[in-house]
Amino acid sequence: MKGGGFRIYAICYLIFLYAPIIILPLFAFNDATVIAFPLSGLTTKWFAEMTAQPALGQAVKNSLIIAVSASVLATTLGVFAARASTRYDFPFKGGIMGLIMLPLVLPEIIVAVSLLVVLLGLGVNLSILTVILGHVLICTPFTIAILSSAFQSLDRSLEEAAYDLGETAVSTFRLIILPLVMPGIISSLLISFTISLDEFIIAFFLAGTEVTLPVYIFSQFRFPQAVPIIMALGTILVGMSILLLTIAEYFRRRGLARSGAKDTGGFL
């Protein structure tokens with residue numbers, strides 16, 4: 001009885017969680033500007049009209065620049081932090097790592113407003129660069145969480161054997177450690193890219209006159225005739241996010257399998 005009740009709860013929860021995502025492509029292919037049932041018919045014209053929006057193209061370009069830059073920087077910082085936290089002991093280690101991971105639990109609007117006040121106080125002009133800095137701050141804790149698992153699963157005897165054979169610390173890291181954690185690095189890059197591409201609040205406060213894709217989508221909901229185009233764009237974004245997360249999970253599991261570690265499930 002208890003198992004049956006839990007199963008019903010799980011099904012209802014999944015329906016509640018994913019029903020909006022399922023409805024999204026229905027209206028993306030609906031031949032009407034009104035988002036309502038019943039559907040008027042099937043069409044692909046909303047996808048074609050996306051290519052005729054120059055502002056959308058610029059927003060996509062800005063978002064791709066930000067997402068690629070933020071994912072590379074956040075993953076690089078994550079490699080250093082994860083390596084240090086899993087391999088070495090240093091003073092105030094717990095407190096320092098806790099501060100680095102703090103953006104995971106802080107409300108994004110608090111982070112965004114704080115960054116805005118600091119940057120304006122320093123006289124920094126709002127641009128794509130400021131958004132990249134904000135996204136690096138948000139994405140770095142996720143990269144550390146992923147890469148810490150990859151570094152913890154390493155067999156330390158491999159590193160010690162490399163030292164015994166005359167390798168330096170730098171060459172050991174480059175030739176032994178880095179290839180073993182590469183699936184985790186790829187997973188971290190993909191997760192950071194997805195988070196940055198979809199992030200709205202930081203971009204809304206820090207982008208200035210440079211519009212990103214989520215900010216563009218938000219602005220277009222003021223115009224009813226643009227809503228179906230946004231539905232079509234949202235369908236593409238959902239598909240891309242699912243694809244990237246699937247690839248990231250594949251590399252995460254591949255890395256765990258290569259190192260022989262136990263899979264505890266999920267990125268975190």
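Values in this document were obtained by computation on a predicted structure and should not be read as measured data.
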Going by heavy atoms in the side chains, are [X] and [Y] under 4.5 Å from each other?
X	Y	value
L120	V124	no
N62	L213	no
Q58	V211	no
S85	S148	yes
I144	M97	yes
I217	L233	yes
V131	E210	no
I185	L147	yes

If I compare all heavy atoms of [X] with all of [Y], which pair ends up nearest, and what's the gap?
X	Y	value
V72	T76	O-OG1, 2.8 Å
T130	N125	CG2-O, 3.5 Å
A203	H135	N-NE2, 4.2 Å

Would a single hydrophobic cluster contain both [Y] and [X], if residues Ile, Leu, Val, Met, Phe, Trp and Tyr are joined by side-chain heavy-atom contacts under 4.5 Å?
X	Y	answer
V105	M101	yes
I201	L133	no
I202	L116	yes
I11	F6	no
V118	V111	yes

Rounded to the nearest 0.5 Å, how far does [atom2] of [Y] lie from [atom1] of [X]?
X	Y	atom1	atom2	answer
F151	L180	CZ	CG	10.0 Å
K61	I128	NZ	CD1	8.0 Å
I195	I138	CD1	CD1	9.0 Å
T140	F80	OG1	CZ	12.0 Å
F204	S219	CZ	OG	9.5 Å
C139	L77	SG	CG	11.0 Å

Backbone of [Y] reached by a side-chain donor or acceptor of [X] within 3.5 Å:
X	Y	answer
S192	L189	no
S114	I110	yes
S69	I132	no
S149	I146	no

Using the ring of each side chain (for Trp, its six-membered ring), is F218 parallel, tilted or perpendicular to F200, with breaks at 30° and 60°? tilted
For a side chain to side chain contact (heavy atoms under 4.5 Å, CB included) with L102, tell me which candidate from L106, L104, I100 qualifies. L106
Start with the C-alpha distance between L115 and F205, add both sets of side-chain angles, then the distance that settles side chain to side chain contact (heavy atoms under 4.5 Å, CB included), and finish with yes or no. CA-CA 9 Å; L115 287 173; F205 280 90; over 6 Å; no
Please determine whether the number of non-hydrogen atoms from other residues, nucleotides or ligands lying under 6.0 Å from atom CD1 of I109 exceeds 12. no
Less than 3.5 Å apart, any donor N or O on the side chain of S188 or T75 sitting next to an acceptor on the other? yes
